[in-house]
Amino acid sequence: MWRLRLLVLGVLAAAPAEAQANSSDGFLEFSVGKFTHLLLSRPLPQEAILRHISGNVTFLLFQIHSQYQNTTVSFTKTLLPGTSGTGNDRGLVFMLRPEQTMCTWYLETKDAKPVQTVAIPLSYSERDPIPGGCNLEFDLDIDPNIYLDYNFFETTIKFAPANLGYARGAEPPPCDVSTGQESRWRLRYDVYQYFLPEGDLTEASLLQHLQRMAQVSQVKASAVKVVTLTSDDKTTVSFSSLWGQGVVYNVIVSDPSLNTSAAYVPVHTYACSFESVDGNCASPGRVSTKVFSTVFAVLGIFICFFGHRFWKTELFFVGFIFLGFFFYILISRLTSLKYDVRLVLTAVAGSIGGILLVASWWRFGTLMLCMLCVGLVLGFLVSSGTFFTPLGNLNVFRDDGVFWVTFSCITLLVPVIFMGCLRILNILACGAVGSYSVVLAIDSYIFSSLSYMTLNVLRRALNTDFRAAFIGVPFQTKDFLVLAVWGMLAVSGITLQIRRERGQAPFPPHPYKLWKQERERRVTNILDPSHHIPPLRERLYGRLTQIRELFQKEQPAGERTPLLL
């Protein structure tokens, strides 16, 4: 009798495909709208049951979530094509039959280790749209899941179009027969983004915050709406990848005619892997990046407070940034070298750029050329900050031509505005750019959103697909502290240099001209001790002679021939 009861429950819960329900394991009891934490382990699946379903419920959306280990939710105990979903965030839609009051799902994992999960069944009425009801791309007939893929540059989510709701036992509305207001083409899709606490990679935190992204009301209250899509748009949205930062995405499909809505299955990512040996989520960053950014930050702090006084050091700093930035883009697009090799080559190229800029100033004394480079570096930072705001997500800037022309105009505008007061321009550049190097160094040790102000520009220069990505970063307590440090260093450096340089010459004189004047003075002034210094060629020859004598065998002293008596 007991086995017969289990068999009846399984038949009632099965999809059109046949199911088996003769499991002797204990049942997992669920309630509509309530989250349940459970631990899944191999080898047998767990049977999940939802009882006492209300008569006004037309379909159920059951979903299960884990941090990084895969779980499987299925209509049947034996996995069949088109009846199950496997992943970190998976769900199934169950269309209820008339007078049905009970449903059954099966949960399992193939992972060797136990998986901590959280699951919830949600109910919807016949007026609510059905998430994934017009699926033509993925395996399930009705697929409410959001499929996520990421790389270093962008994170992309895809989902199947929804369908209009319908009553129990009725035929589903056709998906592509017409495009009028009486079809599913009137539906709207709101894409939401929710950031987890920065630096928090714990499993408990993820499962707790995922509970805010499952139901429509909680999603609207907790997350930020990024974009609204119509049925004419592609159901694909891209975001900038944030390595090591937890992000949860969900889609709310709305029916404006009936004023109803339903939520897809939320999906999360950290844009990194928990299981990879090299570069996983637990590692704070590459050693090469830390060394590079730390040395760069030390030089940046010196420039922030003393850059205008030590003019040649500042020129080296600016030349390093100028040539190093373009060289990194060039070798990244044209070669497949490893990151560490590219970073070393960038450091070498940047050093050459700094030396060339200093040498051009020493020999030719072209102040306008040097200040143009300084102004362009400051303009680059200002332009990057401009597009770091919501302005960067405007549709017009998804065109590369419009973006780069606008970006270049803002960059050029900064040196043009300050061309009449070059000393102020130079001091502002020292304070702002030098202090921002500290922000980049902080990001190599802990996550900081402000570093993406310039990194996003670099990503767009490296990857053409990045133009379609929405630029969204969390701005939490840690970011306010980093912003305060940046502002404090910049204001302090600018104020100190303005006060110290008051009454001084705007810029140092031409070094080559001073060297020529000094050389002529030494030649004509016989009282100057340097006048009697031998030429450089004779001094070098004398040094070589002294070095050669060190390797010659010492001759013995005294008479070597016998005495003649």
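The shown structure was predicted, so the numbers you read here are calculated from the model rather than taken from an experiment.
Checking side-chain atoms of Thr294 against main-chain N and O of Val291 turns up no donor-acceptor pair under 3.5 Å. Although no hydrogens or angles enter the test, the distance criterion places no donor-acceptor pair under 3.5 Å between the side chain of Tyr264 and the main chain of Val253. When atom types are taken as modelled, the side chain of Gln67 and the backbone of Leu201 share a donor-acceptor pair closer than 3.5 angstrom. Side chain of Asn145 to backbone of Gly91: a donor-acceptor contact under 3.5 angstrom is found. At least one donor-acceptor pair closer than 3.5 Å links the side chain of Asn456 to the backbone N or O of Tyr452. Between the side chain of Ser451 and the backbone N or O of Ser448, at least one donor-acceptor pair lies under 3.5 Å. In this structure, the side chain of Asn250 engages the main chain of Met213 through a donor-acceptor pair within 3.5 Å. In this structure a side-chain-to-backbone donor-acceptor pair under 3.5 Å is missing from Ser74 to Tyr106. Although no hydrogens or angles enter the test, the distance criterion places no donor-acceptor pair under 3.5 Å between the side chain of Ser31 and the main chain of Lys34. Panel note: side chain Gln100, backbone Met102; a donor-acceptor pair is recorded below 3.5 Å.
No side-chain heavy atom of Phe152 sits less than 4.5 Å from a side-chain heavy atom of Leu462. Proximity of Ile471 to Phe387: side-chain heavy atoms (C-beta onward) are nowhere separated by under 4.5 Å. Contact of the Pro266 side chain with the Tyr194 side chain is not registered, since no non-hydrogen atoms from C-beta on lie closer than 4.5 Å. Within the 4.5 Å cutoff, side-chain heavy atoms of Phe75 are placed close to those of Trp105. In this structure, the side chains of Leu50 and Phe62 stay at 4.5 Å or more apart for every pair of heavy atoms. Taking the side chain as every heavy atom from C-beta outward, Ile120 and Gln215 approach each other to under 4.5 Å. Taking 4.5 Å as the limit, every side-chain heavy atom of Asp128 sits out of range of all side-chain heavy atoms of Asp255. Side-chain contact between Lys220 and Ser261 is present, with at least one heavy-atom pair separated by less than 4.5 Å.
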Problem - Test side chain to side chain contact (heavy atoms under 4.5 Å, CB included) applied to Val191 and Ile157, step by step - result: CA-CA 10 Å; Val191 182; Ile157 61 172; 3.9 Å; yes
Handout entry: side chain to side chain donor-acceptor pair (under 3.5 Å) assessment of Thr71 paired with Arg90
Key = CA-CA 8 Å; Thr71 58; Arg90 284 294 177 264; over 6 Å; no
Exercise for the section: Carefully, step by step, assess Asp479 and Val482 under the rule side chain to side chain contact (heavy atoms under 4.5 Å, CB included). Expected result: CA-CA 5 Å; Asp479 302 298; Val482 175; 5.6 Å; no
Exercise for the section: Check the pair Arg286 / Tyr339 against side chain to side chain donor-acceptor pair (under 3.5 Å), numbers first and verdict last. Expected result: CA-CA 10 Å; Arg286 295 177 181 267; Tyr339 172 78; 5.9 Å; no
Practice task
Check step by step if side chain to side chain contact (heavy atoms under 4.5 Å, CB included) holds for Leu242 and Phe195.
Solution key: CA-CA 10 Å; Leu242 305 176; Phe195 293 106; 3.6 Å; yes
Problem - CA sep, side-chain torsions, deciding dist, call: Leu38, Gln46, side chain to side chain contact (heavy atoms under 4.5 Å, CB included) - result: CA-CA 10 Å; Leu38 57 139; Gln46 293 285 334; 5.6 Å; no
Problem - Criterion side chain to side chain donor-acceptor pair (under 3.5 Å) on His268 and Asp89, from CA distance to verdict - result: CA-CA 7 Å; His268 75 278; Asp89 307 282; 2.8 Å; yes
Practice task
With side chain to side chain donor-acceptor pair (under 3.5 Å) as the test, would you mind laying out the steps for Ser54 and Asn56 before giving the verdict?
Solution key: CA-CA 6 Å; Ser54 175; Asn56 60 357; 2.6 Å; yes
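For the atom pair CZ of Arg398 and CZ of Arg467, the computed distance is 11.0 Å after rounding to the nearest 0.5 Å. A distance of 13.5 Å separates OG of Ser383 from CZ of Phe388, quoted to the nearest 0.5 Å.
Across every non-hydrogen atom of Ile49 and Thr104, the tightest pair is CG1-OG1, 3.9 Å. Of all heavy-atom pairs spanning Ala162 and Arg184, the tightest one is O-CD, 3.6 Å. Across all their heavy atoms, Leu207 and Ser66 have their closest contact at CD2-CA, 4.4 Å. Nearest heavy atoms, Trp243 versus Ala271: CD1-O, 3.5 Å. Here the closest non-hydrogen pair linking Gly199 and Gln245 is N-OE1, 4.4 Å. Summarising the geometry of Leu61 relative to Ala263, their closest heavy-atom pair is CD2-O, 3.3 Å, with the distance given to 0.1 Å.
Aromatic ring centres of Phe325 and Phe380 lie closer together than 6.0 Å.
Side-chain N/O atoms of Thr155 and Tyr249 include no donor and acceptor closer than 3.5 Å.
Taking the six-membered ring where tryptophan is involved, the planes of Phe470 and Phe239 are tilted, since the angle between them lies from 30° to 60°.
Partner Asp143 forms a side chain to side chain contact (heavy atoms under 4.5 Å, CB included) with one of Leu136, Asn135, Val93, Val265 and no other, that one being Asn135. Just one of Leu92, Ile130, Asn163 meets the side chain to side chain contact (heavy atoms under 4.5 Å, CB included) condition when paired with Ile142; it is Ile130.
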